[in-house]
Amino acid sequence: MLDLRILREHPDEAKQKLARMKVTPGEIDHLLELDVQVRRCKTEAETLRAQMNAASKELAKAQPEERDAKRLALRSMGDSIKKLDDERQDSEESLNQILLTLPNFPDDRVPEGSSDADNQQIRAGGVLREFSFTCRPHWELGKSLGIIDFDRGIKISGSRFYVLQGAGAALQRALIAFMLDMHTVQHGYTEIYPPFMVKQECLTGTGQLPKFADNLYHDAEEDYWLVPTAEVPVTNLHRDEILEKAMLPLHYVAYTPCFRRERMSAGKDVRGIKRGHQFDKVEMVRICSPETSDAELESLTANAESVCTALGLAWRTMLVCTGEKGDFNAIQYDIEVFAPAAKGDEGGEWLEVSSCSNFRDFQARRAGIRYRPAAGAKPELVHTLNGSGLALPRVMIAILENYQNEDGSVTIPEPLRPYMHGKTRLEPQK
RNA sequence: GGAGAGAUGGCUGAGUGGUCGAAAGCGGCUGACUGCUAAUCAGUUGUAGUGUCCUCUAAAGACGCUACCGCGGGUUCGAAUCCCGCUCUCUCCGCCA
């Protein structure tokens, strides 16, 4: 959520910045009109209420015979106040609705653009593997290795679900453990095991609600929402808290499954395990003071890149353009790894395995996360950041396709072997 | 799932219709005393919004007003206090990995 005060005091500047995120000036004007109404109703009601409070005190001291007349006068005053309050509430609700869906100001560095063709590559690592044979897509490998069961996934849960079995399930578990260890031991993160279901306020806090309700699963009877990413429970750990400056920055890492409806992507990426309703992810979350958040984003992104490097994958980091980035972050880096057969006969594809973003104070304002810059000083909003470190299915795709051998086996990347009892290869099933 | 108890300021805890933004204690801050520390004494100490004054402006400050006693409604001229709904916590019983 943007600071209403900034919109009010610098409307032209705000309009300019938000125009890059496809917000029309008219929307801002409408919002500011509502704001004027809210504040007018508020001051009028407060003035009346002050009069009423004073008169009410006099009533207590008044002679008995005067009381009824005074009481009647006060009652009508009360009615006018109620009217003003109702009016204010209506305007306030509309205003909040708009404010909660309005995008964040994009950072000046974010390139203009409407598709991923407009993203800018800013870094890359690893080497693209040259194949001496025709490489096969992961869904074929998954079947022949006996580690991904698509048919039974569909049988028990429907489309966009799959079952990992045997070494496939173990490989995923190995990846999770490997990533968590890397971030905790080498990068100093604190590991969190959060609930996978959260209350509505958490999703409002990080921004998924109300705008992206479409993409979420929730319980019909109770206020439980399945997390679409660990960003939600972990960022909300400190909702409505005032943190001491000495506690910052906070670096958290958490493994969770993620649940998404993917209604927006109907028909897209239906082949294989690239886009399911349920997937696993190791997520990094940082909470820091404002002046450090730019640097925090760089090191967060570097942490995610180092996982790709450790796994021996070819990766590239993209600065995501205005049209493709999340609405609520100020700046976003996507890290992609290359999967040589992910498009089947059409060849390879760069797969997004991580998205690292700085939200500045946007989530902090929604979620009420503040810190005290100095002892006794007024609390100020923190900055929040998060980034995948990494998303599992796509890493699995990249490993299967990049590490495949001509005989149909797949070599297990070295750093994962200790997590798989020393196993070095996945062998095709007879 | 059943029964009961509770939710008040940073913490403990009093408060059953106006004199309550709220006693008292603890903690915090300031000062005095004191070789130092500790102790003692005195004063002070919630948050947010908004107005006026001061000022070139801003900050800071001064003086007001409004809201906030788990959350949301209601009764009343007036609610921490009465009524209704909800949430959460604790205790006991049942069930369970």
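Predicted, not measured: the structure shown is a model, and the values here were computed from it. Below, read A as the first sequence line, B as the second, and so on, with proteins coming before strands; counting in each chain starts at 1.
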- Applying salt bridge (charged side-chain N to carboxylate O under 4.0 Å, His left out), run through A:Glu336 and A:Arg394 and close with a yes or a no. CA-CA 9 Å; A:Glu336 302 173 340; A:Arg394 294 174 185 181; over 6 Å; no
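- Relative to the side chain of A:Lys82, the nucleotides B:G74, B:C65, B:C77 differ in distance, and B:G74 lies closest.
- Across all strands shown, nothing is found opposite B:C20 as a Watson-Crick or G-U wobble partner with both distances under 3.5 Å.
- Residue A:Gln89 places its side chain closer to B:G73 than to any other of B:A67, B:C77, B:G73.
- Using Watson-Crick or G-U wobble geometry with both donor-acceptor distances under 3.5 Å, B:U76 finds no partner in any strand shown.
- B:C96 is unpaired under the Watson-Crick or G-U wobble criterion, no partner having all donor-acceptor distances under 3.5 Å.
- Across all strands shown, B:A48 forms a Watson-Crick or G-U wobble pair, both distances under 3.5 Å, with B:U66.
- Following rounding to the nearest Å, A:Asp240 (CG) and B:C71 (P) show an atom-to-atom distance of 12 Å.
- Straight-line distance between the P atoms of B:G4 and B:C96: roughly 24 Å, to the nearest whole Å.
- A ring-centre distance under 6.0 Å is found for A:Phe161 and A:His277.
- Of the side-chain N and O atoms in A:Asn53, none sit less than 4.0 angstrom from OP1 or OP2 of B:C65.
- A straight line from OH of A:Tyr224 to C1' of B:U87 spans 11 Å, rounded to a whole angstrom.
- Taking atom CD1 on A:Ile242 and atom P on B:G28, their separation rounds to 19 Å, with Å as the unit.
- When the P atom is compared between B:U81 and B:A97, the two are found 45 Å apart, to the nearest whole Å.
- Following rounding to the nearest Å, A:Glu244 (CD) and B:G28 (P) show an atom-to-atom distance of 14 Å.
- Rounding to whole angstrom units, CG of residue A:Leu84 and P of B:U50 are separated by 18 Å.
- At least one donor-acceptor pair under 3.5 Å links the side chain of A:Asn215 to the backbone N or O of A:Glu262.
- For A:Thr292, the side chain to side chain contact (heavy atoms under 4.5 Å, CB included) test picks out A:Cys288, A:Ser289, A:Glu296, with sequence neighbours left out.
- Atom P of B:A67 sits at a distance of 15 Å from the matching atom of B:G73, rounded to the whole Å.
- Remark: the backbone N or O of A:Met396 is not paired with any side-chain donor or acceptor of A:Gln172 at under 3.5 angstrom.
- Regarding contacts with the backbone of B:A48, every side-chain N or O of A:Lys42 stays at 4.0 angstrom or more from both OP1 and OP2.
- The P atoms of B:A24 and B:G15 are separated by 15 Å, rounded to the nearest whole Å.
- No engagement by A:Arg40 is indicated, since no non-hydrogen atom pair under 4.0 Å with the nucleic acid exists.
- Comparing B:A67, B:C77, B:U19 against the side chain of A:Lys57 picks out B:U19 as the nearest.
- One can place CG of A:Leu4 at 15 Å from C1' of B:A48, the figure rounded to the nearest angstrom.
- Here the nucleotide nearest the side chain of A:Arg75, chosen from B:G18, B:U50, B:C77, is B:C77.
- Rounded to whole Å, the separation between the C1' atoms of B:G18 and B:C82 comes to 15 Å.
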Enumerate donor-acceptor pairs with a distance under 3.5 Å from any side-chain N or O in residues 146-155 of chain A to protein atoms, sequence neighbours excluded.
residue	atom	partner	partner atom	Å
A:Asp149	OD1	A:Asp151	N	3.3
A:Asp149	OD1	A:Arg152	N	3.0
A:Asp149	OD2	A:Arg152	NH1	2.7

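- Pairing for B:U55 is absent, judged as Watson-Crick or G-U wobble with the two contacts each under 3.5 Å.
- Using the Watson-Crick or G-U wobble rule with both distances under 3.5 Å, B:C88 pairs with B:G6.
- Comparing the same atom, P, in B:U16 and in B:A23 gives a spacing of 15 Å after rounding to whole Å.
- When the side-chain nitrogen and oxygen atoms of A:Arg49 are compared with OP1 and OP2 of B:G49, none of them lie within a distance under 4.0 Å.
- For the pair A:Met52 and A:Thr47, both in contact range of RNA chain B, the more 5′-proximal nearest nucleotide belongs to A:Thr47.
- Between the side chain of A:Thr43 and the base of B:G51, no donor-acceptor pair of N or O atoms lies under 3.5 Å.
- Taking atom C1' on both nucleotides, B:G46 is separated from B:G21 by 9 Å, rounded to a whole Å.
- A:Met77 has its CE atom 11 Å from the P atom of B:U66, to the nearest Å.
- A:His218 and A:Trp225 have parallel rings, their planes meeting at less than 30° on a 0 to 90° scale where 60° marks the start of perpendicular.
- With both pairing distances under 3.5 Å, B:U37 is matched to nothing as a Watson-Crick or G-U wobble pair.
- Closest to the side chain of A:Arg5, out of B:U66, B:G49, B:C77, is B:G49.
- Here B:C86 presents its P atom at 17 Å from NZ of A:Lys199, a figure rounded to the nearest Å.
- Spacing of C1' atoms, B:U8 relative to B:A80, comes out at 7 Å, to the nearest Å.
- Pairing of B:A42, defined by two Watson-Crick or G-U wobble distances under 3.5 Å, is identified with B:U30.
- No donor-acceptor distance shorter than 3.5 angstrom exists from the side chain of A:Arg260 to the backbone of A:Val227, with no hydrogens or angles considered.
- If you find the closest nucleotide of RNA chain B to A:Arg370 and to A:Ala55, the one lying nearer the 5' end belongs to A:Arg370.
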